Amino acid sequence: MLIRADGAALRVDAPAKLNLFLEVLGSRVDGFHELETLMVTISLHDTLRFTEEPEPAIRLRCHGGVGVDVSVPAGDDNLVVKAAKLLQDRTGTRRGVTIDLWKRIPMSAGLAGGSTDAAAALLALDRLWELDLASEELLSLAAELGSDVAFFVRGFPAAICRGRGEKIAAVERPLELAVVVARPASGLSTAEVFGHCQVSARPRSAQPLVEALVNGRIASARSLFHNALQKTATTLNQEVADLITRIDRHPVLATAMTGSGSACFGLCPTARSARAVARTLRAGGVPWARALRTGV
Ligand code: C5P
């Protein structure tokens with residue numbers, strides 16, 4: 001995540017992610033599930049600006065983004081505020097901050113908007129407050145905040161994530177793909193989807209998909225895309241099933257849900273075809289659809 005100086009403040013573009021593959025390997029005694037997932041960043045960002053304050057207070061101001069309703073919680077429930085408080089608690093710093101957040105990533109969508117914002121806060125405040133934490137410390141704080149936060153702190157454009165999602169192995173070769181990403185009107189709660197999901201009886205591995213994609217065998221990768229949460233999500237939310245059917249009507253190479261939904265994506269042969277699919281979906285009443293690139 002690139003942190004830029006903006007006068008005395010710091011500015012960060014925090015990317016969303018897609019899960020191109022997600023397997024549920026087991027349920028754990030801590031209430032979480034053991035996963036294997038292929039995560040890629042996408043060319044859709046929230047923007048955050050961090051301005052130091054003389055008092056130790058933490059203030060968050062949420063601003064609208066294009067096509068996103070901004071009923072983002074601006075109080076202590078926001079993961080950005082939790083990240084800043086966690087840093088204050090663990091380091092004892094008395095420095096404060098005002099955080100401006102321009103929201104573009106749809107919420108409750110499986111795109112990890114809250115998690116990427118929290119990662120941006122950890123990285124930017126480490127610099128703004130001159131904490132100089134080791135990367136292992138930042139990764140451990142990230143895992144406390146949420147299962148997806150460490151992926152963004154690591155900053156790999158593509159990685160296979162295991163454990164709760166916090167054990168990260170980079171995919172060494174670029175995974176730059178054209179995708180259309182769309183979200184239906186309603187979202188899904190991650191906890192609810194995981195709460196109803198089934199552990200896979202015959203777990204699949206992400207490796208064949210990674211190999212097909214890095215070797216450019218994209219057209220034959222269709223059957224390798226997999227999301228073990230998709231069946232549960234479509235049962236809980238009919239809009240997800242409808243959206244997948246609608247994306248599949250187009251000449252896409254593969255279609256799947258991302259994370260715990262409700263957003264879904266279609267892999268497209270070119271950026272131009274992704275733009276055409278996004279336009280048609282929007283014209284057909286899908287509330288949010290964008291042509292994006294992965295691995296950036
Ligand atoms: O870690 P995060 O806050 O994103 O998780 C939200 C909820 O999703 C958890 O409370 C848990 O119910 C579920 N979850 C899970 N297994 C994971 C990640 C999340 O069961 N690996």
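Start at 1 and go down the list; that is how both ligands and their atoms are numbered. Side-chain atoms are counted along with the backbone in the values below, which use heavy atoms only and exclude waters and symmetry mates. Being a predicted model, the structure only gives us computed values, none of them experimental.
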### Task
Pull out every atom of ligand 1 sitting under 4.0 Å from any heavy atom of Gly31, numbered as shown with elements.
20 (O)
### Task
Any ring-ring contact (aromatic ring centres under 6.0 Å, His included) involving residues 176-211? Give me the pairs, sequence neighbours left out, ordered by first then second residue.
His33-Phe194
### Message
Side chains of Thr93 and Gln88: any donor to acceptor distance under 3.5 Å?
### Response
no
### Task
Decide whether the shortest distance between a heavy atom of Gly165 and an atom of ligand 1 is less than 4.0 Å.
no
### Query
Between Phe194 and ligand 1, which part of the residue brings a heavy atom under 4.0 Å of the ligand: side chain, backbone, both or neither?
side chain
### Query
Do you see a donor-acceptor pair shorter than 3.5 Å between the side chains of Thr47 and Arg104?
yes
### Query
Which ligand 1 atoms does Leu35 reach within 4.0 Å, using its non-hydrogen atoms?
21 (N)
### Message
Among all the protein's non-hydrogen atoms, which is closest to atom 4 (O) of ligand 1, and how far away is it?
### Response
Ser147 N, 3.8 Å
### Task
Report the C-alpha separation of Asp77 and Lys82 in whole Å, then their side-chain angles, then the decisive distance to 0.1 Å, and conclude whether the salt bridge (Lys or Arg N to Asp or Glu O under 4.0 Å) test is met.
CA-CA 7 Å; Asp77 280 350; Lys82 287 188 182 166; 5.1 Å; no
### Query
Any side-chain donor paired with an acceptor under 3.5 Å for Ser273 and Thr270?
yes
### Query
Just which atoms of ligand 1 are under 4.0 Å from any heavy atom in His33?
15 (C), 16 (N), 17 (C), 20 (O), 21 (N)
### Query
What residue and heavy atom of the protein are closest to atom 6 (C) of ligand 1, and at what distance?
Thr190 CG2, 3.9 Å
### Query
Do Glu176 and Pro157 have side-chain heavy atoms sitting under 4.5 Å apart?
no
### Query
Quick one: does Asp148 get an N or O within less than 3.5 Å of an N or O on ligand 1?
no
### Summary
closest protein heavy atom to atom 9 (C) of ligand 1 is Phe32 CE2, 3.7 Å
### Query
Which heavy atom in Ala256 sits nearest to a heavy atom in Gln230, and how many Å separate them?
CA-OE1, 3.6 Å
#### Entry: Per-atom contacts, ligand 1 versus Gly146 - under 4.0 Å to a heavy atom
1 (O)
